[in-house]
Amino acid sequence: SGIDARGILFGSVLAYRLRIGFVVVRKKGKLPGLTESVAYNLEYGKAEIEMQADAVAPGQKVVVIDDLLATGAGTLQATCLLLKRLQAEVLECLVLIELKELKGAEKLNSIPLFSLLQY
Ligand SMILES: O=P(O)(O)OC[C@H]1O[C@H](OP(=O)(O)OP(=O)(O)O)[C@H](O)[C@@H]1O
Ligand SMILES: Nc1ncnc2[nH]cnc12
């Protein structure tokens, strides 16, 4: 699953290469039908992300991808909570860039994080 907005860009390419399914995690108010959402704090305010309730099947294994991990408290943690509510199994989080100083990886509650670049 890829996170709005830039996580969708990288996640869709990766899923296509791996020939696996892909679902989107979007900012609130952009998805039709029955949805589940989680509110979270950003560095610069509040936001809410949302998924369609039937996007993942119970027990389905999911890898979460985004462009950048900053606070982690944040976007990635809210996404993992959302996927858990939908009863998916979050295997790992991937980001292109990890801002080490903000210690975002520690907030993922033992979900492994892989980052291409640490800065
Ligand atoms: O680790 P965090 O503190 O949660 O911050 C990281 C998030 O912030 C940025 O997205 P933003 O919400 O600015 O939106 P965008 O992707 O639509 O630009 C970035 O793309 C991550 O998703
Ligand atoms: N600290 C940061 N630097 C760059 N992009 C960001 N997006 C969210 N937090 C950020």
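Counting starts at 1 for both ligands and their atoms, following the listed order. Only heavy atoms go into these numbers, but all of them, side chains included; no hydrogens, no water, no symmetry mates. None of the values given here were measured: they were computed from a predicted structure.
With respect to Thr35, the side-chain hydrogen bond (donor to acceptor under 3.5 Å, both in side chains) criterion is satisfied by exactly one of Glu50, Lys28, Gln52, Lys30: Glu50. Of the residues Leu116, Leu68, Leu69, Asp66, the one that meets the side-chain contact (heavy atoms from CB on, under 4.5 Å) test with Ile97 is Leu68.
In Asp4, the part holding a heavy atom less than 4.0 Å from any atom of ligand 1 is the backbone. Only the side chain of Asp66 comes within 4.0 Å of ligand 1, counting heavy atoms alone; its backbone N, CA, C and O stay farther away.
Residue Arg26 holds its CZ atom at 13.0 Å from OG of Ser1, rounded to the nearest 0.5 Å. Here the CG-OG distance, from Leu108 to Ser110, works out to 9.0 Å after rounding to the nearest 0.5 Å. We find the CE-CD1 distance between Met51 and Ile3 to be 10.0 Å, quoted to the nearest 0.5 Å.
Looking at heavy atoms from C-beta onward, Cys93 lies in side-chain contact with Cys80 at the 4.5 angstrom threshold. Taking the side chain as every heavy atom from C-beta outward, Thr79 and Tyr40 never approach each other to under 4.5 Å.
Taking any N or O of Ala5, backbone or side chain, at least one lies under 3.5 Å from an N or O belonging to ligand 1. Below 3.5 Å of separation, one finds an N or O of Ala70 facing an N or O of ligand 1.
For atom 19 (C) of ligand 1, the closest non-hydrogen atom of the protein is Asp67 OD1, 3.3 Å. Among protein heavy atoms, atom 7 (C) of ligand 1 sits closest to Thr75 OG1, 3.4 Å. Scanning the protein for heavy atoms near atom 12 (O) of ligand 1, the closest one is Tyr44 OH, 3.3 Å. The protein non-hydrogen atom at the shortest distance from atom 3 (N) of ligand 2 is Leu99 CD1, 3.9 Å. At the top of the distance list for atom 8 (C) of ligand 2, counting protein heavy atoms only, stands Glu43 OE1, 3.5 Å. Of all protein heavy atoms, the one closest to atom 9 (C) of ligand 1 is Arg6 NH2, 3.8 Å. For atom 3 (O) of ligand 1, the closest non-hydrogen atom of the protein is Thr71 OG1, 2.6 Å. For atom 6 (C) of ligand 1, the closest non-hydrogen atom of the protein is Leu68 O, 3.4 Å. Annotation: atom 17 (O) of ligand 1 to nearest protein heavy atom, Lys27 NZ, 3.0 Å.
Close approach of ligand 1 to Gly74 (heavy-atom distance below 4.0 Å) involves ligand atoms 4 (O). Numbered from 1 in the order shown, with element, the atoms of ligand 2 that lie under 4.0 Å from a heavy atom of Ala70 read 9 (N). Atoms of ligand 2 found under 4.0 Å from any heavy atom of Leu68, numbered from 1 in the order shown, are 5 (N), 6 (C), 7 (N), 10 (C).
Environment of NZ in Lys103: sparse, with no more than 12 heavy atoms of neighbouring residues, nucleotides or ligands closer than 6.0 Å.
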| task | Report the C-alpha separation of Asp67 and Val95 in whole Å, then their side-chain angles, then the decisive distance to 0.1 Å, and conclude whether the side-chain contact (heavy atoms from CB on, under 4.5 Å) test is met. | result | CA-CA 5 Å; Asp67 58 335; Val95 292; over 6 Å; no

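Listed here is the closest heavy atom pair of Ala55 and Val23: O-CG1, 3.4 Å.
Residues Val62 and Ile49 fall within the same hydrophobic cluster, defined by Ile, Leu, Val, Met, Phe, Trp and Tyr side chains chained together at heavy-atom separations under 4.5 Å.
Under a 4.0 Å heavy-atom criterion, Leu42 is in contact with ligand 1.
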